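Report on one structure; see the data block that follows.
Please read these numbers as outputs of a predicted model, since none were measured by experiment.
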Amino acid sequence: MSKKRFANLLLEDGSMFEGYSFGATRSVSGETVFNTAMTGYPESLTDPSYRGQILVLTYPLIGNYGVPPFEKENRLLKFFESEKIHIKALVVSDYSFSFNHWNAVKSLGEWLQENDIPGIYGIDTRAITKLIRERGVMLGKVIVEGTEEPAEFHDQNKENLVAQVSVKEIREYGDGDLNVVLVDCGCKFNIIRCLLKRGVKVIRVPWDYDFTTLDYDGVMLSNGPGDPQMCGATIANIKKALTVGKPIFGICLGNQLLSIAAGATTYKLKYGHRSHNQPALMAGTDKAVITSQNHGFAVDTSSLDKEWEPYFINLNDGTSEGIRHKNKPFFSVQFHPEAASGPVDTEFLFDNFIENIRHAKNK
């Protein structure tokens, strides 16, 4: 191994964490967030919801199983959530330079270097997480020895991140008997996989496309990065779809967009929900599910119209985890039922969505 290159994480409150570089040799700035998962870093790094963020992984050992092959299935990368890495930088505690897995083709460090993404190891990532939880969301800079420090702290939430990560043209997958429009606000590939597994045709459209002009049976509103208020065109199209009345299912950002279209308001969370094991209660029942979450904004359910009601509630802090219409086939959740690498407790929601579509068609 070559000589260690120093690298630091500087937070906007002045906190400095010193470590070593194992990724690209450049310095960057962005919002600093954390993830508590034990596995799944290939999926997290390619999740468009992390667009422009410095990702801190709390699990201490990262890189030990390398990076899987870039093979495709149904025209989608089989082991990733999009075509590229979306984070600004990666921060870990203990990076494993030696990887060992039957499906690995390269090291995490090599992958980061090839994609010009800085990585730091040798840092107490749990101390960073504790700091963020106490003081709230903070911007940060990753400063790699021998490179120029960014002049300013960069807040990517002031940009329309959804426009950056959405497809630019319509794409179709599968050949099922049901047409599901997927509004791509930064969708994870596993949403498409979960739909294809249920035998539907997926029509993936750009975030601002008026999908109500298409022949469709149901609408899937995807996850995505940033402030939902940036997606005015999407919200306008959802309002049209609500008058059409065909089934709608929203995930993460899709939950926020459906809520705004239904008349509710959203707000920025202190530090967001960034973990693989968030418990959520199905409203009106004693059924609790374990969920994967990654969002910085939430819905104020008290602002919902009387025709809507809470669907799930976060058992940690009581925040909204989803909404549903009392009489029509519209629902959405703040967590990820398509979560990869898991948990998969709530994938049944895809079945519910498809059942809603078939029921609506057979009326």
Side-chain angles (χ1 to χ4, degrees), residues 43 46-51 70-86 160-226 228 230-242 244 246-258 261 294 329-333 336-340 347 349-351 353-354 356-357 361:
E43 294 91 339
T46 54
D47 181 352
S49 294
Y50 282 117
R51 179 74 171 187
F70 298 86
E71 59 190 55
K72 292 192 174 184
E73 185 175 81
N74 295 317
R75 294 186 294 117
L76 303 170
L77 285 175
K78 189 174 180 180
F79 302 106
F80 303 89
E81 293 295 358
S82 72
E83 298 284 351
K84 61 183 291 186
I85 297 176
H86 288 281
N160 188 336
L161 300 174
V162 168
Q164 296 177 17
V165 299
S166 178
V167 289
K168 307 305 179 187
E169 72 287 321
I170 295 177
R171 299 179 186 177
E172 297 184 357
Y173 309 85
D175 57 359
D177 62 326
L178 300 177
N179 291 336
V180 174
V181 167
L182 170 60
V183 183
D184 180 9
C185 297
C187 78
K188 295 166 64 179
F189 282 168
N190 215 39
I191 290 178
I192 303 175
R193 295 187 195 105
C194 286
L195 290 170
L196 292 178
K197 190 163 65 175
R198 287 159 176 83
V200 306
K201 178 180 179 180
V202 178
I203 306 168
R204 183 181 177 191
V205 302
W207 69 281
D208 56 352
Y209 187 87
D210 185 0
F211 58 86
T212 62
T213 62
L214 300 175
D215 177 20
Y216 70 91
D217 301 306
V219 179
M220 169 68 71
L221 307 173
S222 86
N223 66 293
M230 292 284 189
C231 301
T234 316
I235 294 166
N237 291 330
I238 296 170
K239 287 181 178 179
K240 290 183 186 178
L242 290 173
V244 173
K246 294 181 180 179
I248 300 175
F249 177 18
I251 292 174
C252 198
L253 179 66
N255 170 64
Q256 298 160 20
L257 297 177
L258 179 62
N294 174 30
F330 313 143
F331 71 91
S332 58
V333 293
H336 288 277
E338 85 297 344
E347 195 176 313
L349 292 170
F350 284 91
D351 297 322
F353 175 50
I354 302 304
N356 285 347
I357 294 175
K361 287 200 71 172

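Remark: Glu73 engages Lys78 in a side-chain contact (heavy atoms from CB on, under 4.5 Å) (not counting sequence neighbours). The salt bridge (charged side-chain N to carboxylate O under 4.0 Å, His left out) test applied to Glu347 returns Lys197, Arg198, not counting sequence neighbours. Lys84 is linked by a salt bridge (charged side-chain N to carboxylate O under 4.0 Å, His left out) to nothing, counting only residues two or more places apart in sequence or in another chain. Shown here are the side-chain contact (heavy atoms from CB on, under 4.5 Å) partners of Ala233, two or more places apart in sequence or in another chain: Trp207, Asp208. Not counting sequence neighbours, the partners of Pro329 by the side-chain contact (heavy atoms from CB on, under 4.5 Å) test are Pro247, Asn356. Under the rule for a side chain to side chain donor-acceptor pair (under 3.5 Å), Glu81 has no partner lying at least two apart in sequence or in another chain. Residues meeting the side chain to side chain donor-acceptor pair (under 3.5 Å) test with Thr212, sequence neighbours left out: Asp210. With sequence neighbours left out, Glu169 forms a side chain to side chain donor-acceptor pair (under 3.5 Å) with Arg171. Scanning for salt bridge (charged side-chain N to carboxylate O under 4.0 Å, His left out) contacts around Arg204 gives Asp184, with sequence neighbours left out. Scanning for salt bridge (charged side-chain N to carboxylate O under 4.0 Å, His left out) contacts around Lys201 gives Glu172, with sequence neighbours left out. When the side chain to side chain donor-acceptor pair (under 3.5 Å) test is applied to Asn74, no partner is found at least two apart in sequence or on another chain.
Side-chain contact check for Pro337 versus Phe353: every heavy-atom pair is 4.5 Å or farther apart. Phe350 places a side-chain heavy atom less than 4.5 Å from the side chain of Ile251. Proximity of Val205 to Val183: side-chain heavy atoms (C-beta onward) are separated by under 4.5 Å at one or more points. With a 4.5 Å cut-off on side-chain heavy atoms, Phe189 and Glu83 count as touching. Put simply, the side chain of Tyr173 does not reach to within 4.5 Å of the side chain of Leu195, judged on heavy atoms. In this structure, Leu221 and Ser332 have side chains that are not in contact, with every pair of non-hydrogen atoms separated by 4.5 Å or more. Under the 4.5 Å side-chain criterion, counting only non-hydrogen atoms from C-beta, Glu71 is in contact with Phe79. A heavy-atom distance below 4.5 Å is not found between the side chains of Leu253 and Ser49.
Atom OH in Tyr209 sits 3.5 Å away from atom CD1 in Ile170 (nearest 0.5 Å). Taken to the nearest 0.5 Å, the CG atom of Leu242 stands 11.0 Å off from the CG atom of Asn237. Distance check: Ser166 OG to Leu161 CG gives 12.5 Å after rounding to the nearest 0.5 Å. With values rounded to the nearest 0.5 angstrom, Ile238 atom CD1 is found 7.0 Å from Ile248 atom CD1. A distance of 8.5 Å separates SG in Cys252 from CD in Glu338, rounded to the nearest 0.5 Å. Between the CG atom in Asp47 and the CG atom in Asn223 there is a gap of 5.5 Å [rounded to 0.5 Å].
Classified by interplanar angle (parallel below 30°, tilted 30° to 60°, perpendicular above 60°), the ring pair Phe70/Phe80 is parallel.
For the residue pair Cys187 and Pro48, the shortest heavy atom distance occurs at O-CG, 3.9 Å. Smallest separation of non-hydrogen atoms from Cys231 and Leu257: CB-CD2, 3.7 Å. Contact record, Cys185 with Pro225: O-CD, 3.4 Å, taken as the closest heavy-atom pair. Of all the heavy atoms in Ala340 and Glu43, the pair that sits closest is O-CB, 3.4 Å.
Among pairs with a residue in residues 213-225, those fulfilling salt bridge (Lys or Arg N to Asp or Glu O under 4.0 Å) read Asp217-Lys361, at least two apart in sequence or across chains.
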